[in-house]
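Structure record follows, encoded as structure tokens.
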Amino acid sequence: MISVRRRGIARLTATAVATGMLAAGAIAGAGTAVADENEQPGGAIATLNGLKTFDFARIGGQQFGAGLFEMAVDGGGTLKTYCIDIGTKTVSEAKYQEASWDQTKLHDNEHAGKILWILKNSYPQVNDLAALAKKADVGQLTEKTAAAGTQVAIWRFSDNAKVEAVNPDAEKLADYLEKSAQKLEEPTPSLTLDSPAVSGKPGEKLGPVTVRTNAQSVTVAPDAEAEAKGVKVVTKDGQTAVSAKDGDELFFDVPKDAEDGTASLTAHASTEVSVGRAFTSIEVRSQTQILAGSSQSTVTANATANWAAGKGPIPAVSAEKNCVKGGVDVTATNEGDEPFTFTLAGKEHEIPAGGSETITVPVKEDQPYEITITGPDGFKETFTGTLDCEAGSTGGNGGKVETPEETPEKPETEPSPATVGGDTGDKGDDEGNLAATGGSSTTPIIAGVAIALVIAGGAAVFFLRKRKPATGAES
């Protein structure tokens with residue numbers, strides 16, 4: 001979440017970050033600018049389409065689906081993911097966003113790098129199932145049992161769960177992956193912008209805004225309002241920027257005679273999201289996912305600039321979740337020539353000219369928060385969201401998918417095999433690879449199993465509704 005306020009007029013610009021992903025989007029209006037979790041953050045945004053390739057796992061006497069989910073990326077693209085939050089339900093058609101590990105349940109998990117190794121060395125990144133079966137000393141693997149075994153191995157590290165695959169070959173694969181896993185480094189983001197809210201005086205280059213991406217190149221452009229004001233997006237040496245690559249610094253070049261105001265830029269690209277990137281829900285709470293494969297997908301990020309002439313503070317305010325500290329980091333900067341004084345969480349703070357301060361506001365886990373910053377001349381910024389940093393319990397919900405109203409329903413899509421690409425060696429590259437998306441075929445037997453499980457678990461859902469249940473697999 002990020003927001004900035006233009007001094008001298010009642011126009012506010014708010015930008016949002018959800019689970020650590022920073023974004024900006026200009027909002028015109030007087031009074032309050034609300035940075036809401038549902039706004040577009042940087043990276044990929046996707047909708048959960050359901051569990052597509054799976055077999056079954058169990059904890060004690062409870063059995064549920066385990067395998068690959070599919071997501072549809074806003075703007076185009078398909079993702080394949082595994083669950084890393086066995087104790088939380090899955091919500092049908094939940095919206096998800098790309099996130100870094102430290103903004104998710106992996107923030108304090110010493111085995112996060114081993115999960116990445118499993119993703120790179122099992123299905124679907126390794127889609128030569130005969131070769132995978134040979135390595136794991138397994139008789140035979142199908143796409144479903146390979147997906148189930150991979151998911152079980154991941155759960156053992158992500159949730160420290162005592163879970164096993166129902167199919168013996170899937171269980172042997174899970175054991176092999178668990179024993180063989182090595183720690184790997186967190187993958188790079190698809191697209192984010194560092195310092196996405198900047199401020200200064202007209203006649204200056206405001207920034208830098210640094211591009212972080214795994215794409216070879218991203219397209220950058222100012223918004224229509226910026227162009228109307230004569231504001232340009234330029235490189236470090238002052239050249240007009242129409243594209244950028246990882247590590248490039250961008251600036252807002254504001255004319256000296258520009259009236260006090262704001263502007264924004266948008267960066268977008270088509271790229272494969274890196275295997276191992278986390279995905280967190282942004283509209284309702286739904287189990288956290290981790291990327292196993294990606295097609296070319298649309299990714300975006302935004303940044304804003306705020307400028308004012310004359311004496312006074314020129315603030316830029318941002319916020320992002322901090323799972324390590326269990327709260328939200330609110331950062332205020334001041335590029336003006338007078339102190340910026342504001343009130344946050346009942347305390348007054350003052351940022352000197354040219355200064356910056358970050359305050360962590362404690363937030364309860366799984367509870368919606370509303371953080372408001374107030375300052376002189378009617379300055380008011382509000383950031384909202386939900387902190388979702390801890391793993392759920394393993395109480396279970398019978399393998400159900402629930403609606404946002406938390407009522408059980410039959411899965412909207414039936415499970416079907418998915419053919420996805422990947423290398424067949426022990427080491428993958430940093431980017432995912434999704435050669436083909438799965439079809440949507442069903443059989444009466446599969447449909448019968450799905451309906452039977454829905455009916456069998458229906459009575460348990462009411463009792464477990466207030467608990468953090470096990471994976472919301474569709475079955």
Is [Y] close to [X] at the side-chain level, that is, under 4.5 Å between some pair of heavy atoms?
{"X": "Pro196", "Y": "Asn302", "value": "no"}
{"X": "Thr298", "Y": "Thr271", "value": "no"}
{"X": "Ile373", "Y": "Thr343", "value": "no"}
{"X": "Ser100", "Y": "Glu186", "value": "yes"}
{"X": "Phe69", "Y": "Thr90", "value": "yes"}
{"X": "Thr150", "Y": "Leu173", "value": "yes"}

Assess the pair Trp155 and Phe64: is the distance between their ring centroids shorter than 6.0 Å?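 Yes, they do, as the ring centres are separated by less than 6.0 Å.
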
Between [Y] and [X], is the closest basic N to carboxylate O distance under 4.0 Å?
{"X": "Glu171", "Y": "Arg156", "result": "yes"}
{"X": "Lys172", "Y": "Asp175", "result": "no"}
{"X": "Lys321", "Y": "Asp329", "result": "no"}

Quick one: pull up [atom1] in [X] and [atom2] in [Y] and give me the separation to the nearest 0.5 Å.
{"X": "Leu191", "Y": "Thr300", "atom1": "CG", "atom2": "OG1", "result": "7.0 Å"}
{"X": "Asn160", "Y": "Ile86", "atom1": "CG", "atom2": "CD1", "result": "11.0 Å"}
{"X": "Ile84", "Y": "Lys105", "atom1": "CD1", "atom2": "NZ", "result": "8.0 Å"}

Could you walk me through whether Tyr123 and Leu68 pass the side-chain contact (heavy atoms from CB on, under 4.5 Å) check? CA-CA 9 Å; Tyr123 181 77; Leu68 274 172; 3.5 Å; yes

With salt bridge (Lys or Arg N to Asp or Glu O under 4.0 Å) as the criterion, how do Arg277 and Glu98 come out once you've worked through the C-alpha distance, each side chain's angles and the decisive distance to 0.1 Å? CA-CA 7 Å; Arg277 290 294 288 173; Glu98 183 183 347; 2.8 Å; yes

Cys83 vs Gln289, test: side-chain contact (heavy atoms from CB on, under 4.5 Å). Steps then yes/no. CA-CA 5 Å; Cys83 166; Gln289 305 278 315; 4.1 Å; yes

Distance-only, no hydrogens or angles: does the Ser180 side chain make a donor-acceptor pair with backbone N or O of Leu177 under 3.5 Å?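 Pair absent, no side-chain N/O of Ser180 close to backbone of Leu177.
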
Expected output: side-chain Gln296 to main-chain Ser270 donor-acceptor under 3.5 Å: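 Confirmed, Gln296 side chain pairs with Ser270 backbone.
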
